[in-house]
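Chain letters run A, B, ... following the sequence lines, proteins first and then strands; every chain starts at 1.
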2 protein chains.
Amino acid sequence: MPIWAYDCAMARAATTSDAFNAIAAPQRREILVLLRGGERPVTDLARDLGMTQPQASKHLRVLREVGLVRVRGAGKQRLYGLDAHGLRPVREWVGGFERFWNESFDRLDEYVHELKQARQEASHDGDDQ
Amino acid sequence: MPIWAYDCAMARAATTSDAFNAIAAPQRREILVLLRGGERPVTDLARDLGMTQPQASKHLRVLREVGLVRVRGAGKQRLYGLDAHGLRPVREWVGGFERFWNESFDRLDEYVHELKQARQEASHDGDDQ
DNA sequence: TTGACGCATGCCGATATGGGCATATGATTG
DNA sequence: CAATCATATGCCCATATCGGCATGCGTCAA
């Protein structure tokens, strides 16, 4: 039995790492959808989503930390509002795959071939990471 | 002090729940990006991503379970290929927010108003749960 | 000031992840 | 068949998450 110098650091990326992680949770996605309808207080959201107020608050905290929602104190209430800017990276990343679900897989190889050549000639990179 | 009838079931949605969770991990996103260049064997991907082979296999397993990649045995190797169909839901969901990052927040309220009216007239709901 | 209301946090427990390494499984070649 | 290469799994651990409930904190009303 060796010394097992385990260097285990983190288990799973924090939900607050980025928008990708934040929107992984369905509940958080629903919150964002609701927020498209305008600013709303926490309790309201909680009720509509059928979750407890603390849960809603926690989800909202995550969304706030990644910058997907803003808060604005309105008297006793705190109105949460959508700030969709943070979703752009997601949109762009996914957008890079659009052509791949429009093509059948049999023809995909050719497609890929073209892409490869085009990329080499244009020396046009800058999407990974 | 009650009996603490804790009903805690699951902690966090499985990464294999859906595409949203699967692509939450940066490494998995990178794999998909690499796969845009065509089918590739595991070891290849692992090397390019600077991760161990087991790790790559595990990530690929997740991606396979949500249907984002396909496998094809090619001799000793197993060629993984992209199957981007599963990304459509993501694309569509995010797409629902496009207008929100093109508009300034001051004008957002009007926007929202229009949306609300349009929705009421169309009586078009059906997103909860 | 005391209440009351709205929201944020804290704590507990169960779970699954992700990383590391060792090894089982599969397929191919000699 | 045995040996080998390519992958897939199995375990270990540390961590963060989510769910439930209780309570702290800030704001407004009486």
Side-chain angles (χ1 to χ4, degrees), chain A residues 1-18 20-31 39-47 49-66 69-81, chain B residues 1-18 20-31 39-47 49-66 69-81:
Chain A
M1 246 184 256
I3 312 167
W4 285 116
Y6 274 143
D7 250 309
C8 299
M10 53 216 63
R12 192 168 169 181
T15 56
T16 55
S17 308
D18 52 35
F20 285 95
N21 281 280
I23 67 170
Q27 316 229 44
R28 243 134 32 201
R29 258 174 280 151
E30 293 182 40
I31 288 184
E39 298 181 316
R40 299 186 68 185
V42 179
T43 312
D44 239 56
L45 294 169
R47 199 166 40 70
L49 297 173
M51 62 172 94
T52 69
Q53 173 267 310
Q55 278 301 322
S57 281
K58 288 175 188 174
H59 282 304
L60 286 166
R61 190 187 202 307
V62 173
L63 291 173
R64 212 172 59 205
E65 289 197 25
V66 299
V69 301
R70 296 165 301 128
V71 212
R72 180 170 72 86
K76 281 195 262 191
Q77 311 195 119
R78 307 199 71 196
L79 294 181
Y80 277 86
Chain B
M1 245 181 258
I3 314 168
W4 287 117
Y6 272 145
D7 250 309
C8 298
M10 52 215 61
R12 192 170 171 178
T15 57
T16 55
S17 308
D18 51 35
F20 285 94
N21 281 279
I23 67 170
Q27 316 230 46
R28 252 154 358 219
R29 260 174 278 150
E30 293 182 40
I31 288 184
E39 297 181 317
R40 299 186 68 185
V42 178
T43 313
D44 240 54
L45 294 168
R47 198 163 43 68
L49 296 173
M51 63 171 91
T52 67
Q53 172 266 311
Q55 278 302 322
S57 280
K58 287 175 187 173
H59 282 303
L60 286 166
R61 191 186 201 307
V62 173
L63 291 173
R64 210 174 59 205
E65 289 197 23
V66 297
V69 300
R70 296 165 302 127
V71 213
R72 179 170 72 86
K76 281 194 264 192
Q77 311 196 119
R78 308 199 70 196
L79 294 181
Y80 277 86

(message) Using a 3.5 Å distance criterion without hydrogens, assess whether the side chain of A/Arg29 forms a donor-acceptor pair with backbone atoms of A/Ala24.
(response) yes
(request) Starting from C1' on C/dG6, measure out to CZ on A/Arg47 and report it in whole angstrom. (result) 14 Å
(request) Assign each of A/Gly75 and A/Val62 to its nearest nucleotide of DNA chain D by heavy atoms, then name whichever residue's nucleotide is nearer the 5' end. (result) A/Val62
(request) Keeping the roles fixed (side chain from A/Arg28, backbone from A/Ile23), state whether a donor-acceptor pair exists under 3.5 Å. (result) no
(message) Can you list everything that forms a side chain to side chain donor-acceptor pair (under 3.5 Å) with B/Arg78? Sequence neighbours excluded, please.
(response) none
(request) State whether the side chain of A/Asp18 and the backbone N or O of A/Asn21 hold a donor-acceptor pair below 3.5 Å, judged by distance alone. (result) yes
(request) Check the distance between C/dG18's P and B/Ile23's CD1 and give it to me in whole angstrom. (result) 14 Å
(message) If the cut-off is 4.0 Å, is A/His59 near the phosphate of D/dT17, judged by side-chain N/O to OP1 or OP2?
(response) no
(message) Can you measure A/Leu45 atom CG to C/dG6 atom P for me and round it to whole angstrom units?
(response) 14 Å
(message) Would you say that A/His59 contacts A/Leu45 through its side chain, given a criterion of any heavy-atom pair below 4.5 Å between the two side chains?
(response) no
(message) My understanding is that only residues two or more places apart in sequence, or in another chain, count here; which of them pass side chain to side chain donor-acceptor pair (under 3.5 Å) with B/Gln27?
(response) none
(message) Below the 4.0 Å mark, does C/dA14 have OP1 or OP2 next to a side-chain nitrogen or oxygen of B/Arg12?
(response) no
Between the protein and nucleotides 6-10 of chain D, are there any N/O to N/O pairs under 3.5 Å, and if so, what are the atom names and distances?
residue : atom : partner : partner atom : Å
D/dT7   : OP1  : B/Val42 : N            : 3.3
D/dT7   : OP2  : B/Thr43 : N            : 3.2
D/dT7   : OP2  : B/Thr43 : OG1          : 2.1
D/dA8   : OP1  : B/Arg78 : NH1          : 3.2
D/dA8   : OP1  : B/Tyr80 : OH           : 2.5
D/dA8   : OP2  : B/Ser57 : OG           : 2.4
D/dA8   : N7   : B/Gln53 : NE2          : 2.7
D/dA8   : N6   : B/Gln53 : OE1          : 3.4
D/dT9   : OP2  : B/Arg61 : NE           : 3.4
D/dG10  : O6   : B/Lys58 : NZ           : 3.2

(request) Take atom CG of B/Asn21 and atom P of C/dT17, then tell me their distance rounded to the nearest Å. (result) 10 Å
